[in-house]
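Scroll down for the structure; my scribbles are underneath it.
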Amino acid sequence: MILLLLSFVAQDAGYPHEAGPRKVSTVEKLLLKDAKRDKELQLRINHPDGEGAAPVIVFSHGAFGTKDNYLALTEFWASHGYVTIQANHSDSRALGTKGGDPKAFQDWQSRPADISFILDSLDEIEKQLPALKGRMDRERIGVGGHSFGANTAQLVGGART
């Protein structure tokens with residue numbers, strides 16, 4: 001597996017983004033159960049329609065964000081031929097965490113574990129989403145994120161705290 005590390009520290013909302021040539025399909029909520037950690041992980045998946053293997057990008061939201069943030073970016077990538085996977089980490093406001101709650105940062109180790117679990121669960125994702133059967137290129141995988149999500153991507157890539 002080749003791991004491409006993407007870090008984003010700012011969003012440029014003013015940058016014009018042209019959609020790519022591919023139609024994008026979205027699964028707004030796919031659930032994975034990590035029995036080892038007794039954790040249910042909610043995913044959002046965007047993927048290009050069509051055939052053939054597509055590179056995969058797992059994108060990690062910032063602190064208190066959600067799997068539904070950064071859609072302009074992840075849908076843009078999908079329209080250019082990438083499968084994008086986003087998860088609600090345990091600090092997500094979608095799971096009830098209040099913005100600014102310092103306790104959210106106590107569970108920082110779960111974020112890279114979430115990404116590893118997603119990468120280990122690509123077969124299960126294909127099982128739950130037959131449109132992706134054989135479509136996720138396991139040789140071209142990127143991990144990225146914004147803010148606390150960029151930190152998560154760096155940890156997955158081998159950075160030390």
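This chain uses plain numbering: 1 for the first residue, then up along the sequence.
Contact detail for Gly81 and Pro55: the closest heavy-atom pair is O-CD, 3.5 Å. For Tyr70 against His146, the heavy-atom pair with the smallest separation is OH-ND1, 2.8 Å. Across all non-hydrogen atoms, the minimal contact from Gln86 to Asn69 is NE2-O, 2.7 Å. In terms of heavy-atom proximity, Pro48 sits nearest to Ala78 at CB-O, 3.3 Å. Pro112 approaches Thr152 most closely through the heavy-atom pair N-CG2, 3.8 Å. Annotation for Asp34 and Arg37: closest pair OD2-NE, 2.6 Å, computed over non-hydrogen atoms.
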task: Using the side chain to side chain contact (heavy atoms under 4.5 Å, CB included) rule, take Asp123 and Arg138 through it: C-alpha gap first, then chi angles, then the decisive distance, then the call.
output: CA-CA 10 Å; Asp123 288 339; Arg138 270 102 164 143; 2.6 Å; yes
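Glu51 CD: 12 or fewer foreign heavy atoms inside a 6.0 Å radius.
The backbone N or O of Phe64 lies less than 3.5 Å from a partner atom in the side chain of Asp91, making a donor-acceptor pair.
The distance from the OH atom of Tyr82 to the CD1 atom of Ile141 is 13.0 Å, given to the nearest 0.5 Å. His47 NE2 to Lys23 NZ: the interatomic distance, rounded to the nearest 0.5 Å, is 9.5 Å. How far CZ of Arg44 is from OG1 of Thr74: 6.5 Å, rounded to the nearest 0.5 Å. The CD1 atom of Ile115 sits 11.5 Å away from the CG atom of Asp120 when rounded to the nearest 0.5 Å. Taking NZ of Lys133 as the reference point, atom CD1 of Ile125 lies at 12.5 Å (rounded to 0.5 Å). To the nearest 0.5 angstrom, Leu132 atom CG is 9.5 Å from Leu122 atom CG.
The shortest side-chain heavy-atom distance between Lys67 and Leu43 does not fall under the 4.5 Å cut-off. Between His80 and Pro21, some side-chain heavy-atom pair lies under the 4.5 Å cut-off. Annotation: side chain of Met136 is in contact with side chain of Glu126 (closest heavy-atom distance under 4.5 Å). Within the 4.5 Å cutoff, no side-chain heavy atoms of Val156 are placed close to those of Val58. Side-chain contact between Asp68 and His61 is absent, with no heavy atoms from C-beta onward closer than 4.5 Å. Lys39 has its side chain within reach of Ser90: a pair of non-hydrogen atoms, C-beta onward, lies under 4.5 Å apart.
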Do any side-chain atoms of residues 24-32 form donor-acceptor pairs under 3.5 angstrom with protein atoms, and if so which ones, sequence neighbours left out?
| unit_1 | atom_1 | unit_2 | atom_2 | d |
| --- | --- | --- | --- | --- |
| Ser25 | OG | Asp49 | OD1 | 2.5 |
| Ser25 | OG | Asp49 | OD2 | 3.4 |
| Thr26 | OG1 | Asn46 | OD1 | 2.7 |

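Between the side chains of Arg111 and Ser60, at least one donor-acceptor pair of N or O atoms lies under 3.5 Å.
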